[in-house]
Colleague: 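Structure incoming, see below.
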2 protein chains.
Amino acid sequence: MTAIKESSTIQENKRFVFDECPIAYAMDRIGGYWKPIILYHLLGGSKRYSEIRKCIPTITEKMLIQHLKQLENDQLIIREAKPIVPPHVTYSLTASGKALRPVLYALAEWVVEDSKITAKRISKDLKDFPVSV
Amino acid sequence: MTAIKESSTIQENKRFVFDECPIAYAMDRIGGYWKPIILYHLLGGSKRYSEIRKCIPTITEKMLIQHLKQLENDQLIIREAKPIVPPHVTYSLTASGKALRPVLYALAEWVVEDSKITAKRISKDLKDFPVSV
DNA sequence: CACAGTACTTACTCTAGGGTTAGTACAATT
DNA sequence: AATTGTACTAACCCTAGAGTAAGTACTGTG
């Protein structure tokens, strides 16, 4: 944990923005690149640490554990460790975390729909300015 | 624009992850703190630069213009400038941008619902471990 | 006995995102 | 003649987030 700049506008944001713009509040809790990805993979049910890692092969262990800790602190996931060796740790969503399902599904659907729009735009562009092959 | 590290895992992500995890693709396009906030404020219709600034008082001009540029490049918003002085520039959503409405609304709703859950949890905690006032 | 597997931790570096301050062209208003 | 407003741009610096690499404790398996 590093010191946070007092004058940061993002910090100021947190104070007054809650009723002004709910999106800003959301960004404080689930913003960043990896958090929504991790949460998405936990929608299917609780997973072991190593399972999550396999689901997101490009994340480094440092990033994964860092964000799991932050999500736990933020009451979005629950960590359960069996006191055995080798360790057996599972992560699952809290009520807040589960409530994100419609958001993440809407986002996933947007990607599918949007890739169609993009494909259409590209083929239209090609039509307007044909390129020889 | 700065050079992008070739070995970056986020960069690698972009290549293979599209069909594996739609959320990762979404993060590439609308990830970051400010982008969803800007898009949210444009859902109500096109806005002038200065209007957006008033809607998000805590963003700096540099960040605002930077993200507007990126969103324009990413085909999420359209910039229209009238060739007059003083300048008159409006920003509006493209089809892709408009398609984000359900996502952003779901997110806003999550915030409202989640603040209820959080409030309930806090009052329960207070009940379980009463604090003298 | 060496090695794999579990779930991390530590120490280091680097860079992209963010913050601050100042400046631009031009017209209308005061 | 000075100020205001518009929509930016440019120059800096600083830091949180991301990447790399190595190490830990312990056990079960070959």
Side-chain angles (χ1 to χ4, degrees), chain A residues 1-14 24 27-28 30-38 46-73 77-92, chain B residues 1-14 24 27-28 30-38 46-73 77-92:
Chain A
M1 300 294 161
T2 356
I4 290 162
K5 216 177 173 184
E6 271 292 323
S7 63
S8 152
T9 67
I10 290 180
Q11 289 311 109
E12 243 181 84
N13 235 1
K14 291 183 189 174
M27 289 304 113
D28 290 334
I30 55 159
Y33 187 83
W34 295 112
K35 278 183 192 153
I37 298 175
I38 295 169
S46 74
K47 278 198 167 64
R48 292 186 65 170
Y49 174 81
S50 52
E51 288 180 301
I52 302 174
R53 228 179 39 204
K54 268 170 221 153
C55 287
I56 317 172
T58 48
I59 197 172
T60 60
E61 285 195 89
K62 182 196 156 194
M63 280 297 110
L64 180 53
I65 204 78
Q66 191 179 101
H67 286 112
L68 287 171
K69 288 252 159 76
Q70 287 175 17
L71 289 168
E72 196 194 354
N73 273 333
I77 63 172
I78 298 159
R79 194 191 100 112
E80 278 165 305
K82 289 184 190 159
I84 54 165
V85 76
H88 184 106
V89 182
T90 57
Y91 292 91
S92 53
Chain B
M1 299 293 163
T2 357
I4 290 161
K5 217 178 174 185
E6 270 292 322
S7 62
S8 150
T9 68
I10 289 180
Q11 288 313 107
E12 241 180 87
N13 236 359
K14 290 182 189 174
M27 287 305 112
D28 290 334
I30 55 161
Y33 187 84
W34 295 113
K35 277 181 192 155
I37 297 175
I38 294 170
S46 74
K47 279 197 168 64
R48 293 185 64 173
Y49 174 81
S50 52
E51 289 180 300
I52 302 173
R53 227 179 40 205
K54 269 170 219 153
C55 288
I56 317 171
T58 48
I59 198 173
T60 60
E61 285 195 88
K62 182 193 157 193
M63 280 298 111
L64 181 53
I65 204 78
Q66 190 179 103
H67 286 112
L68 286 171
K69 289 254 157 77
Q70 287 176 16
L71 289 168
E72 197 195 352
N73 273 333
I77 64 172
I78 298 159
R79 194 192 100 111
E80 278 165 306
K82 289 183 191 161
I84 55 166
V85 75
H88 184 106
V89 182
T90 57
Y91 292 91
S92 53

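What you are looking at is a predicted structure, and each value in this text was computed from that prediction instead of being measured. A, B, ... follow the sequence lines: proteins, then strands. Residue 1 opens every chain.
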Colleague: Roughly how many Å is it from CD in A:Gln70 to P in D:dG17, rounded to a whole number?
Modeller: 7 Å
Colleague: Using only heavy-atom distances, decide whether a donor-acceptor pair under 3.5 angstrom links the side-chain of B:Lys62 to the base of D:dA10.
Modeller: no
Colleague: Determine the minimum heavy-atom distance between B:Pro87 and B:Arg48, stating which atoms define it.
Modeller: O-NH2, 3.4 Å
Colleague: For residues A:Gly32 and B:Met27, report the shortest heavy-atom separation together with the two atoms involved.
Modeller: O-SD, 3.8 Å
Colleague: Just to be sure I understand the geometry, which residues of residues 80-87 of chain A put a non-hydrogen atom under 4.0 Å away from DNA chain C?
Modeller: A:Pro86, A:Pro87
Colleague: Contact class for A:Glu61 vs. all strands (heavy atom < 4.0 Å): base, sugar-phosphate, or nothing?
Modeller: base
Colleague: Can you tell me which nucleotide in D:dG19, C:dC8, C:dG18 comes closest to the side chain of B:Trp34?
Modeller: C:dG18
Colleague: Over how many whole Å does the gap from B:Ile59 atom CD1 to C:dG19 atom C1' extend?
Modeller: 12 Å
Colleague: Give me the atom names and distance for the closest heavy-atom approach of A:Leu71 to A:Ile38.
Modeller: CD1-CG2, 4.0 Å
Colleague: Tell me: CE of A:Met27 to P of C:dG18, nearest whole Å?
Modeller: 12 Å
Colleague: Taking 4.0 Å as the cut-off, does a side-chain nitrogen or oxygen of B:His67 come that near to OP1 or OP2 on C:dG18?
Modeller: yes
Colleague: So does B:Tyr33 get a side-chain nitrogen or oxygen closer than 4.0 Å to the phosphate oxygens (OP1/OP2) of C:dG19?
Modeller: no
Colleague: Compare every heavy atom of B:Arg79 with every heavy atom of B:Val89, then report the nearest pair and how far apart it is.
Modeller: CG1-CG, 3.7 Å
Colleague: Can you tell me the distance, in whole Å, between the CZ atom of A:Arg79 and the C1' atom of C:dT6?
Modeller: 12 Å
Colleague: Roughly how far, to the nearest 0.5 Å, is the CD1 atom of A:Ile77 from the OG atom of A:Ser46?
Modeller: 11.5 Å
Colleague: What integer distance in Å separates A:Gln66:CD from C:dA11:C1'?
Modeller: 14 Å
Colleague: Starting at NZ of B:Lys69, measure out to CG of B:Leu64 and round the result to the nearest 0.5 Å.
Modeller: 10.5 Å
Colleague: Measure from CD1 on A:Ile65 to P on D:dA22 and round the result to the nearest Å.
Modeller: 20 Å
Colleague: Whole angstroms only, please: what is the CG-P distance between A:Leu64 and D:dG19?
Modeller: 12 Å
Colleague: Under a 4.0 Å heavy-atom cut-off, which of residues 46-54 of chain A touch DNA chain C?
Modeller: A:Arg48, A:Tyr49, A:Ser50
Colleague: Could you report the tightest heavy-atom contact between A:Lys47 and A:Ile52, atom names first, then the distance?
Modeller: CB-CG1, 3.8 Å
Colleague: Between A:Ile59 and A:Met63, what is the shortest heavy-atom contact and its length?
Modeller: CG1-CB, 3.7 Å
Colleague: Distance check, rounded to the nearest 0.5 Å: B:Thr90 atom OG1 versus B:Glu51 atom CD?
Modeller: 9.5 Å
Colleague: Would you give the length of the straight line joining atom NZ of A:Lys35 to atom CG of A:Leu68, rounded to the nearest 0.5 angstrom?
Modeller: 10.5 Å
Colleague: It should be established whether B:His88 places a side-chain nitrogen or oxygen under 4.0 Å from OP1 or OP2 of nucleotide D:dG5.
Modeller: no
Colleague: Rounded to the nearest angstrom, tell me the gap between atom NZ in B:Lys69 and atom P in C:dG17.
Modeller: 16 Å
Colleague: Given axes from five pairs at either end, by how many degrees does the helix from C:dC1-D:dG30 to C:dT30-D:dA1 bend, rounded to 10°?
Modeller: 10°
Colleague: Just verifying a value: how many Å separate A:His67 NE2 and A:Lys62 NZ, rounded to the nearest 0.5 Å?
Modeller: 10.0 Å
